[in-house]
Amino acid sequence: MPTMDRHEDVFVLDLGDTENRLHPDTIAAVNGLLDEAGKATGPAALVTTATGKHYSLGLDLEWLLAHPDQRVAYGTSVQELFARLLTLPMVTVAAMPGHVFAGGAMLSLAHDLRIMRADRGFWCLPEADIDLPFTPGMSALIQARLTPQTAHEAMVTARRFGGTEAAERHIVDKALPADEVLPAAIALAQSLASKAGPTLGTIKTRLYPGVLQALRSPKI
């Protein structure tokens, strides 16, 4: 399950050391940790990361297939998590040590900034290959955070981008050696921690009104 530590003004939320799929229990745990971070007063920032070779492989499709009657509720909870991160009233940085796929890739896009391992791991939206269309909310999030050309290629071809290419295509902000990813993310977050507060949350909310409306739409 996800855990969280604090490094000075930076909350570091570790998604775990497995595939870190967005199981309902994982979503609930992440929301609980975000609640805890939200109680901070003064400077604060958030880094999310993972311990193993995966940042996150996205939706827990095995669980979803076993619980088809909960598809809408599950999809709603996933999209609400994206919306919450997108508007969190502190700067957020995704520190990605390995593979970032599907819903995990969208989770990364809900952060303000992204740092990825350069030499191993892929950032990928494989929905076209697994016959799973993007919801309107997911499509809106991807298109808002990537250039039109990159969004089209990533969504239509399911191309796998390595860390260096992901940086060149502005999917991530930096691609670094594995042992530098988390320290760089923490340092970057610390440098922006003074911006935390309601004003930042309002800025983010007004920056992405269409995305938030789509993510919070009943169309799943």
Side-chain angles (χ1 to χ4, degrees), residues 13 15 22 27 30-31 34 45-49 55-59 72 74-96 99-116 122-130 132-161 163 165-175 185 188-189 192 195-220:
L13 194 163
L15 295 171
L22 299 176
I27 294 172
V30 169
N31 277 317
L34 293 180
L46 176 76
V47 169
T48 66
T49 189
Y55 174 74
S56 173
L57 298 190
L59 304 188
V72 173
Y74 175 70
T76 299
S77 70
V78 170
Q79 296 199 159
E80 182 54 42
L81 177 59
F82 295 164
R84 183 177 189 183
L85 279 170
L86 193 64
T87 58
L88 205 69
M90 63 181 69
V91 170
T92 58
V93 184
M96 300 176 285
H99 296 309
V100 192
F101 274 64
M106 295 175 226
L107 183 71
S108 76
L109 292 179
H111 290 67
D112 298 309
L113 300 158
R114 286 161 295 287
I115 299 177
M116 185 174 176
F122 293 105
W123 191 100
C124 178
L125 296 171
E127 279 74 6
D129 285 340
I130 61 177
L132 186 66
F134 299 96
T135 67
M138 293 173 177
S139 295
L141 174 63
I142 296 163
Q143 292 175 78
R145 302 296 279 126
L146 301 180
T147 66
Q149 295 86 350
T150 299
H152 181 92
E153 183 175 8
M155 297 172 77
V156 172
T157 72
R159 180 173 177 174
R160 298 184 176 195
F161 297 89
E165 186 177 16
E168 292 170 351
R169 299 292 290 271
H170 304 292
I171 297 170
V172 303
D173 298 278
K174 293 180 181 180
L188 179 58
L192 298 168
K195 304 186 186 302
T199 295
L200 185 62
T202 299
I203 289 172
K204 292 184 182 184
T205 299
R206 292 177 179 174
L207 187 59
Y208 297 107
V211 177
L212 294 170
Q213 182 178 13
L215 285 171
R216 288 168 170 156
S217 165
K219 295 180 180 179
I220 299 295

Does the side chain of Y208 come within less than 4.5 Å of L141's, by heavy atoms? no
Distance from T92 atom OG1 to L86 atom CG, nearest 0.5 Å? 8.0 Å
Which atoms form the tightest heavy-atom contact between W123 and M96, and what is the distance? CD1-SD, 4.5 Å
Spatial distance of atom CG (L188) from atom CG (D173) [nearest 0.5 Å]: 8.0 Å
Donor-acceptor check, side chain of T48 to backbone of L13, threshold 3.5 angstrom: yes or no? no
Ignoring hydrogens, what is the shortest heavy-atom contact between A128 and V156? Give both atom names and the distance. CB-O, 3.7 Å
State, to 0.1 Å, how close P126 and A158 come at their nearest heavy-atom pair, and which atoms those are. CA-CB, 3.8 Å
Measure the OG-CG distance between S56 and L15 for me, rounded to the nearest 0.5 Å. 6.5 Å
Restricting to non-hydrogen atoms, name the atom on G163 and the atom on V172 that form the minimum distance, rounded to 0.1 Å. O-CG2, 4.1 Å
V91 and L200: side-chain contact (heavy atoms from CB on, under 4.5 Å), yes or no, with the steps? CA-CA 8 Å; V91 170; L200 185 62; 4.1 Å; yes
Can you measure from CZ (F82) to CD1 (I142) and round to the nearest 0.5 angstrom? 8.5 Å
For L22 against V78, the heavy-atom pair lying closest together: CD1-CG1, 4.3 Å
Determine whether a donor-acceptor pair (N or O, by modelled atom type, separation under 3.5 Å) exists between the side chain of T150 and the backbone of T147. no
In sequence, state the C-alpha distance, the side-chain angles, and the governing distance for M116 and K174, and then conclude on side-chain contact (heavy atoms from CB on, under 4.5 Å). CA-CA 6 Å; M116 185 174 176; K174 293 180 181 180; over 6 Å; no
Does the R84 side chain pair with the main chain of Q79, one donor and one acceptor, at a distance under 3.5 Å? no
If I compare all heavy atoms of L85 with all of L107, which pair ends up nearest, and what's the gap? CD1-CD1, 3.4 Å
Answer yes or no: is there a side-chain heavy-atom contact under 4.5 Å between M155 and E127? no
More than 12 heavy atoms of other groups within 6.0 Å of K204 NZ: yes
Expected output: side-chain T76 to main-chain V72 donor-acceptor under 3.5 Å: yes
Between the side chains of E165 and R159, is the shortest nitrogen-to-carboxylate-oxygen separation below 4.0 Å, so that they form an ion pair? yes
Between Y55 and H111, how do the two ring planes meet: parallel, tilted or perpendicular, split at 30° and 60°? perpendicular
4.5 Å side-chain heavy-atom contact, L46 and V93: no
Kindly say whether A83 contributes a backbone atom to a donor-acceptor pair with the side chain of T87 at under 3.5 angstrom? yes
Inter-residue atom distance F122.CZ - F161.CZ, 0.5 Å rounding: 11.5 Å
Under 3.5 Å side-chain donor-acceptor pair for T202 and T205: no
Test R114 against R145 for side-chain contact (heavy atoms from CB on, under 4.5 Å), laying out the working first. CA-CA 11 Å; R114 286 161 295 287; R145 302 296 279 126; 3.3 Å; yes
Evaluate the criterion side-chain contact (heavy atoms from CB on, under 4.5 Å) for residue pair L125 and F134; output intermediate values, then yes/no. CA-CA 10 Å; L125 296 171; F134 299 96; 4.0 Å; yes
I need the D129 CG to R160 CZ distance, nearest 0.5 Å. 8.0 Å
Compare all side-chain heavy atoms of R169 with those of E153 and state whether any distance is below 4.5 angstrom. yes
With a 3.5 Å distance limit and no angle check, can you tell me whether Q143 reaches the backbone of S139 through a side-chain donor-acceptor pair? yes
